[in-house]
Amino acid sequence: MSKTDNATEATRPSNFLEQIIERDLAEGRVPDNNVVTRFPPEPNGFLHVGHATSICLNFGLAEKYQGECNLRFDDTNPEKEEQVYIDAIQEDIEWLGFKWAGNVRFASSYFDQFYEWALHLIREGKAYVDHQDAETMRENRGNFNKPGVETADRRKSVEDNLAEFEKMRAGEYEEGQVTLRARIDLQSANMNMRDPVLYRIRKVPHHQTGDKWCIYPSYDFAHGQEDAIEGVTHSICTLEFQDHRPLYEWFLENLPVPAKPTQYEFARTNLNYVVTSKRKLKRLVDEGLVTGWDDPRMPTVSGMRRRGYTPASIRKFAEMVGISRTDGIADFSMLEHAIRDDLNTNAARAMAVLNPLKVVITNLPEGDVQEMTAAAHPNRPELGDRTLPFTRELYIDRADFNEDNSLSRKKFKRLVTDEYIRLRGSYVIKHEETIKDDNGEITEIRCRYIPGTVGENPPEGVRPRGVIHWVSASHGQEAELRIYDRLFTHEAPDRGEEDFLVHMNPESFKVTKAWVEPGLAAARPEQGFQFEREGYFVADRYDHSSEKPVFNLTIGLKDTWASKAK
Ligand code: ATP
Ligand code: MG
């Protein structure tokens, strides 16, 4: 492929939004050719995997077209919002590898401007203060089959409305008593156009503006204007806002805004086996069913991070899901595939024995240490080597020894009585003796190592059945392993009549111990490994230390859910 082919390849639009942006650029419709997108989370929860795809989309488009992506907190709902969420969201976006343009922005920093624009609409006769309570308003708004009913407030004078709105702002009305509404069209087929609410009263302090306001703009009255103020060129949201687009445009047409952004919609990312509603995730946290928003079982960005997912794997997943205009449900195994693939390529190999059986090497004197060298990764020499101390006492996994040596070599490729096995990265050993306690339980086995077999074929007549993992008893260390599985056993936990909590997987979390090779204690928090023959694990972000190693199961080596499903 030539250089020019490569260039075309890189810029070829891969989804309908890229096509739109390229058309807009070609037709000179983008001011200064600077594509500006934004990611506008409401700080009322942690980001989840669905948000991650939206982040990859918005920041990804800005990257692709050398534009900018703003991070803007859509903080128009003070009662549900908190600073911890603001901090967590920023941390998550940075961790995913994206950088927003300029400072973090807040819808609340435009409240003065929104207020001015509300006055503007009132003066133009396009907004009025309505004294109906929510129930009556809903009734009078009608529905698809029932026309809206005009009330007296709708016919009030501009002066009256200005005075009433001032009373609203000054706190003279209670919550729910009055609202400011746009005067658009009570007969519109689009319910969003039937005089939508612009401002409502909320007598709660705001995390950014304190006690300055007791009236707060609605999402609809805020979003497009925020985009206009920031010079956003392509405002991308999920499909449920499609019916709000005429309203988004109505505000831009009827207000003296500095720019005219356009809203586009794409399908939200739905994943089976998880819930991605912030309200439901919050319930799991509030009811103590998980340890927090960043519990490794949570589909939150911080949960996935703690579980050992990498930014690259989440970005890869977003790419696999793609951008579409129709709703669908992505399979959770796609996400798991993305992380398994990444770790298979990038994670260092290490050995951990989960269910230890002591092996005494009878022909190695006590105190002798032979240092074996193994590659950190079979196909990545640049990742270097690790040292494995081979000592008189070792641990292998109980499942790797069976007394019965009549088992076929094909079926049981592990150690049996009187036979040979290779220890990964080390010697071939031969079983000599099995020691049991009074209950007949095997407590240790004794073996002999075959000199000259490290990295070499064994001599004639020595036929190891396979290769097993091991760890020095004297030089290894005990570690805590946190074994996680999917949080829900049902593929659509929140789509039935029943409460989604009934579908929680009772086996989603177990703690166990393992004996790990010395290098693992030295791992840095968040470092991922493949524990050979066991799975992918990550050193816990908070609890791991070299004195007390703690590893979380990221994902098994194989997709066990696929076989369960069959
Ligand atoms: P939730 O339903 O979890 O409360 P939300 O849409 O209310 O989500 P916001 O904080 O408003 O949460 O979302 C910020 C941005 O992320 C919005 O632009 C929204 O469209 C996008 N987003 C939220 N959920 C998804 C999803 N599942 N897939 C894709 N984008 C999403
Ligand atoms: Mg929202």
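For ligands, and for the atoms within them, numbers begin at 1 and follow the listed sequence.
Every atom of ligand 1 is numbered from 1 in the order shown, and the set under 4.0 Å from a heavy atom of Thr53 is 28 (N), 29 (C). In the vicinity of His51, heavy-atom distances shorter than 4.0 Å reach the ligand 1 atoms 8 (O), 9 (P), 10 (O), 12 (O), 13 (O), 14 (C), 16 (O), 22 (N), 23 (C), 24 (N).
Distances from atom 1 (P) of ligand 1 to the heavy atoms of Lys282, Glu42, Glu240, Lys278 show the closest one on Lys278. For atom 21 (C) of ligand 1, the nearest non-hydrogen atom from the set Ser54, Gly45, Ala267, Ser277 belongs to Ser54.
Residue pairs meeting the ring-ring contact (aromatic ring centres under 6.0 Å, His included) criterion with at least one member in residues 126-148, sequence neighbours excluded: His131-Tyr173.
Checked against a 3.5 angstrom limit, the closest N/O atoms of Thr276 and ligand 1 fall inside it. Among the atoms of Thr269, some N or O lies under 3.5 angstrom from an N or O of ligand 1. Here's the thing with Thr238: one of its N/O atoms is less than 3.5 angstrom from an N/O atom of ligand 1.
Geometric assessment of Arg202 against the ring of Tyr216 yields a negative cation-pi assignment under the 6.0 Å and 45° thresholds. Remark: Arg169 fails to qualify as a cation-pi partner of Tyr199 under the 6.0 Å distance and 45° angle criteria applied to the six-membered ring.
Shown here is Lys282, whose NZ atom has no more than 12 heavy atoms of other residues, nucleotides or ligands within 6.0 Å.
Contact annotation: Phe39 has at least one heavy atom less than 4.0 Å from an atom of ligand 1. At least one heavy atom of His48 sits less than 4.0 Å from an atom of ligand 1.
Among Glu507, Glu491, Glu336, the single residue meeting the salt bridge (Lys or Arg N to Asp or Glu O under 4.0 Å) criterion with Arg486 is Glu336. Across Thr554, Asp342, Asn346, a single residue satisfies side chain to side chain donor-acceptor pair (under 3.5 Å) together with Thr310, and that is Asp342.
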Contacts table for residues 318-328: side-chain donor-acceptor under 3.5 angstrom, sequence neighbours left out:
{"from": "Ser324", "atom 1": "OG", "to": "Thr326", "atom 2": "N", "distance (Å)": "2.9"}
{"from": "Ser324", "atom 1": "OG", "to": "Thr326", "atom 2": "O", "distance (Å)": "2.8"}

